[in-house]
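Here's the structure, in structure tokens; my notes come after.
Atoms within each ligand, like the ligands themselves, are counted from 1 in listed order. Note: hydrogens, waters and symmetry copies are ignored here, and every other heavy atom, side chains too, is used.
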Amino acid sequence: MEVIIQPDAAAAVKLTARIMGDALRKNPEMVFGLATGATMEAVYAELARMCREEGLDFSNAKSFNLDEYIGLAPEDKNSYRYYMEQHLFNHINIKKANTHLPNGMATDIPGEGARYEAAIAAAGGIDLQLLGIGQDGHIGFNEPLSSLGSRTRDKSLTPVTYKQNCIYFDPPESMPRRAFTMGVGTILDARRIVMLVTGEHKADIIAKAVEGPVTSMISASAIQFHRNVVVIVDEAAASKLEGKDYYRWSFENEPCWNEYR
Ligand code: GLP
């Protein structure tokens with residue numbers, strides 16, 4: 001794992017988008033794993049800018065999102081499908097048919113997880129998975145005690161997640177309490193993981209996930225098992241990391257980061 005500390009959130013976002021853009025230029029048929037949440041809005045705005053101004057070409061790319069609320073239709077303003085269209089898909093030249101999210105309206109709940117897994121496999125697996133982290137340490141909606149080998153399935157959301165996300169709903173109580181999410185095992189199958197975490201409110205949880213023991217209580221800690229993962233943080237989110245000096249040294253000196261410094 002590599003941890004890259006950037007001076008502020010804007011720089012962390014830019015670096016994240018740049019890594020994604022470079023990966024797409026190298027492989028125009030990239031299969032992206034995508035995340036939602038407030039943190040990612042600026043990443044998608046930057047990718048949209050790169051598409052518009054720099055000709056970044058998504059026409060042969062595919063995407064699979066991590067999760068979707070159960071019971072929300074695609075056109076619901078709080079669905080993650082709606083979020084993705086508003087923040088990214090409507091602003092880049094990706095083919096809508098190549099963008100995938102779990103179907104929040106699926107009636108066959110176990111079947112939907114299996115269908116999504118099969119779709120990812122049929123696309124050849126995920127090349128680059130973008131991740132954020134929830135306040136309770138979740139990735140996707142893999143709440144505490146999610147098996148580290150779990151696959152796409154339905155999951156009940158914790159009170160912490162409810163508190164974090166219900167502010168987007170009107171009324172807040174209308175937020176669904178269940179969601180489909182890729183499993184931790186599904187996420188770990190991605191060939192590369194890029195996690196972006198910004199803000200002081202995430203400092204505690206990212207320190208636990210990166211430097212603490214691997215535990216299903218903090219599903220993000222499972223990324224420690226992955227062989228190709230970079231965690232990009234701003235100074236605020238990095239404030240509780242014990243190994244900060246080493247991470248900085250490593251970023252400054254590793255040849256693979258030459259073009260990104
Ligand atoms: C939701 C998503 C997660 C995301 C998290 C962080 O819970 N299911 O995939 O990482 O939000 O959100 P934010 O960026 O708003 O802190």
* Geometric N/O contact F141 with ligand 1, under 3.5 angstrom -> no

Which of the numbered atoms in ligand 1 are below 4.0 angstrom from a heavy atom of [X]?
| X | result |
| --- | --- |
| T39 | 13 (P), 14 (O), 16 (O) |
| Y80 | 1 (C), 2 (C), 8 (N) |
| G132 | 10 (O) |
| N165 | 1 (C), 7 (O) |

* First locate atom CD of E68, then atom CZ of F180, and finally report the distance between them rounded to the nearest 0.5 Å. =>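 Taking CD in E68 and CZ in F180, the distance rounds to 9.5 Å.
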
* CD1-CG distance between I94 and L47, expressed to the nearest 0.5 angstrom ->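 Spacing of CD1 (I94) from CG (L47) equals 10.5 Å.
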
Salt-bridge contact [X]-[Y] (side-chain N to carboxylate O under 4.0 Å):
| X | Y | result |
| --- | --- | --- |
| R151 | D189 | yes |
| R248 | E252 | no |
| E54 | R25 | yes |

* Asked: Can N165 and Y69 be said to form a side-chain hydrogen bond (donor to acceptor under 3.5 Å, both in side chains), step by step?
  -> CA-CA 11 Å; N165 290 2; Y69 289 108; 3.1 Å; yes

* Sub-4.0 Å heavy-atom contact, T161 with ligand 1 ->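 No, that is not the case, since the closest heavy atom of the residue is not under 4.0 Å from the ligand.
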
* Asked: Do other residues, nucleotides or ligands put more than 12 heavy atoms under 6.0 Å from the CD atom of E53?
  -> yes

When you measure from [atom] to every protein heavy atom, which one gives the shortest distance, and what is it?
| atom | answer |
| --- | --- |
| atom 15 (O) of ligand 1 | A38 N, 2.8 Å |
| atom 8 (N) of ligand 1 | D67 OD2, 2.7 Å |
| atom 3 (C) of ligand 1 | G140 O, 3.6 Å |
| atom 4 (C) of ligand 1 | T36 O, 3.8 Å |

Structural part of [X] in contact with ligand 1, heavy atom criterion under 4.0 angstrom:
| X | value |
| --- | --- |
| L131 | neither |
| Q164 | side chain |
| H138 | side chain |

* **Single-linkage hydrophobic cluster F64~L130, side-chain heavy atoms < 4.5 angstrom** => no

* To do: Could you name the option among K202, M40, E143, M182 that has the heavy atom nearest to atom 16 (O) of ligand 1?
  =>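 Among K202, M40, E143, M182, the closest heavy atom to atom 16 (O) of ligand 1 belongs to K202.
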
* To do: For the residue pair D136 and T158, confirm or rule out a side-chain donor-acceptor distance under 3.5 Å.
  =>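 D136 vs T158: donor-acceptor pair found between side chains.
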
